[in-house]
There are 2 protein chains.
Amino acid sequence: MNIIISNSSSIPLYEQITQAIKQAIFSNELKEEEMLPSVRGLANELKISFLTIKKAYDELEEEGFIKTVQGKGSFVTPKNLELLREEKLKEIQGYVEKIKDIALVADISNEDVKEIFKIIFEEDK
Amino acid sequence: MNIIISNSSSIPLYEQITQAIKQAIFSNELKEEEMLPSVRGLANELKISFLTIKKAYDELEEEGFIKTVQGKGSFVTPKNLELLREEKLKEIQGYVEKIKDIALVADISNEDVKEIFKIIFEEDK
DNA sequence: TAACTGTTATGCATATAATATAACAGTATA
DNA sequence: TATACTGTTATATTATATGCATAACAGTTA
């Protein structure tokens, strides 16, 4: 596990950790059923509180990426391609929402936004 | 001025207010040189603290949207709306390119992206 | 049993957000 | 000039989110 976190980032530490671990799962650096670093182990490695690691792991479990068993550890959920896809769809959704906000505030019409989509998605066809 | 704010939103009240006022400026509901509601007036109307309104106005002034004069009030800065619009269009373009990259990696079809776009842009019609 | 796992509870520190209250300062006008 | 509007500033309080430290507890495995 190679996780880099930044204390000065506006993104909370536990969010940075969940993101890094998701990425490791996507890239198969963390394989199916593989055990994640222990909460205390990773906390020591990153020199932060284990409670912050726990919070990150709780979030990952909530979202179905890992499964935690008391006394044993946390393990990557058998890979669910649909789950990964959903994650990416949510990411895209976030960006579309940002676009919507910008368009709303700047009084840019849906037609104009649609036009930008069309140009970018078809430019290398 | 017709501003709707939500106390349960994760977006801070003062941000909701700056956004609403920017929108009013872009849509020309608030015209150049026009006076904004007084901090106390708007605070009473929205039933929140005038300090929250002040914070929003300070932010708007920082970004150049309005100009505040003690004793007189806050006024919409004369500006080049077309220039601002162009900036916002570029911002949107950047996000669309990010979306394209994600969709490519996650094997998400253009149709699916179009569907997300449709849902988000039409959800409150 | 020992040495790992994770869990829970408490308290502390800090930052942001939002509020209430009060006093102060500039502007316009009756 | 008095007053009623504008905005400004200072202080204190409350709530929430984030992150940490410590300690005790509980399950698993060798």
Side-chain angles (χ1 to χ4, degrees), chain A residues 1 3-22 25 30-31 33-77 101, chain B residues 1 3-22 24-25 30-31 33-77:
Chain A
M1 282 294 297
I3 292 178
I4 296 167
I5 54 172
S6 162
N7 218 338
S8 61
S9 167
S10 67
I11 301 167
L13 291 176
Y14 68 88
E15 279 291 347
Q16 293 183 48
I17 292 159
T18 57
Q19 280 179 21
I21 290 174
K22 277 184 197 173
I25 293 173
L30 278 173
K31 302 188 196 348
E33 311 282 11
E34 187 172 337
M35 185 175 166
L36 274 70
S38 75
V39 286
R40 281 192 176 79
L42 187 54
N44 282 333
E45 195 184 319
L46 299 180
K47 306 202 187 321
I48 60 177
S49 165
F50 76 87
L51 291 169
T52 306
I53 307 294
K54 171 143 177 48
K55 188 161 185 180
Y57 281 18
D58 283 350
E59 192 175 303
L60 286 164
E61 181 156 31
E62 185 100 12
E63 295 178 41
F65 284 91
I66 66 173
K67 179 73 185 161
T68 296
V69 183
Q70 184 173 356
K72 296 180 83 173
S74 298
F75 305 86
V76 178
T77 305
D101 287 346
Chain B
M1 283 293 297
I3 293 179
I4 297 167
I5 53 173
S6 162
N7 218 338
S8 61
S9 167
S10 67
I11 300 168
L13 290 176
Y14 70 89
E15 279 291 347
Q16 294 182 46
I17 291 159
T18 57
Q19 279 180 24
I21 290 174
K22 278 183 197 173
I25 292 173
L30 277 173
K31 302 186 197 351
E33 311 283 12
E34 186 172 339
M35 184 176 166
L36 274 69
S38 75
V39 286
R40 281 193 176 78
L42 187 53
N44 282 333
E45 194 183 320
L46 300 180
K47 306 202 187 319
I48 60 177
S49 166
F50 75 87
L51 292 170
T52 306
I53 307 293
K54 171 140 176 50
K55 187 161 187 179
Y57 281 19
D58 284 350
E59 193 175 301
L60 286 164
E61 181 156 29
E62 185 100 13
E63 295 177 39
F65 285 91
I66 67 172
K67 179 73 186 161
T68 296
V69 182
Q70 183 173 355
K72 296 181 84 173
S74 298
F75 305 85
V76 178
T77 306

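Scope of the values below: all heavy atoms of this structure, side chains included, with no hydrogens, waters or symmetry mates. Here is how names work: the chains are called A, B, and so on, in the same order as the sequence lines, proteins then strands, and each is numbered from 1.
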* **B/Gln16 and B/Ser6, any side-chain heavy atoms less than 4.5 Å apart** => yes
* To do: Indicate yes or no for a side-chain donor-acceptor contact from B/Thr77 to the backbone of B/Phe65 under 3.5 Å, with no hydrogens or angles considered.
  => yes
* Structure fact -> Residue pair B/Phe50/A/Val39 against DNA chain C: nearer the 5' end by closest nucleotide is A/Val39
* Using a heavy-atom cut-off of under 4.0 Å over every strand shown, decide if A/Leu51 touches base, sugar-phosphate, or nothing. => base
* Please examine the side chains of A/Leu46 and A/Ile53, heavy atoms only from C-beta on, and report whether any two atoms are closer than 4.5 Å. => yes
* **Whether B/Glu59 side chain and B/Thr18 backbone form a donor-acceptor pair below 3.5 Å** => no
* Structure fact -> Testing D/dA24, C/dT21, D/dT6 for proximity to the side chain of B/Met35, the answer is D/dT6
* Structure fact -> DNA chain D nearest-nucleotide lookup for B/Thr68 and A/Glu15: closer to the 5′ end is B/Thr68
* Asked: Is any side-chain N or O of B/Arg40 under 3.5 Å from a base N or O of D/dT8, one able to act as donor and the other as acceptor?
  -> yes
Dump the pairs, protein N or O against N or O of nucleotides 27-30 of chain C, anything under 3.5 Å, distances to one decimal.
residue	atom	partner	partner atom	Å
C/dT27	O4'	B/Gly71	O	3.4

* Structure fact -> Taken to the nearest 0.5 Å, the spacing of B/Gln70 CD from B/Lys72 NZ works out to 12.5 Å
* **Spacing of A/Asn44 atom CG relative to D/dT22 atom P, expressed in whole Å** => 12 Å
* Heavy atoms of other groups near A/Lys22 NZ, more than 12 under 6.0 Å -> yes
* Tell me, which of residues 54-65 of chain B have any heavy atom that sits under 4.0 Å from an atom in DNA chain D? -> B/Lys54
* **A/Thr52 side-chain proximity, nearest of D/dC20, D/dA23, D/dG7** => D/dC20
* Pairwise distance CD1(A/Ile66) to CG(A/Leu60) - rounded to 0.5 angstrom -> 4.5 Å
* Structure fact -> Separation of D/dT6 atom P from B/Ile66 atom CD1, nearest Å, is 15 Å
* From the options D/dC20, C/dA20, D/dT9, select the nucleotide whose nearest atom is closest to the side chain of A/Ser49. => D/dC20
* Asked: Taking the side chain of B/Pro12 as its heavy atoms from C-beta onward, which of C/dA18, D/dG7, C/dT8 lies nearest to it?
  -> C/dA18
* Side-chain heavy atoms of A/Tyr57 within contact of A/Ser38, under 4.5 Å -> no
* Phosphate OP1/OP2 of C/dC4 contacted by A/Ser38 side-chain N/O (<4.0 Å) -> no
* Non-hydrogen side-chain atoms of B/Ile21 and B/Ile3 separated by less than 4.5 Å -> yes
* Determine the contact category for A/Tyr14: base if any of its heavy atoms lies under 4.0 Å from a base atom, sugar-phosphate if only primed atoms, P, OP1 or OP2 are that close, otherwise nothing. => sugar-phosphate
* Asked: When the distance from CG of A/Leu42 to P of C/dC4 is rounded to whole Å, what number comes out?
  -> 17 Å
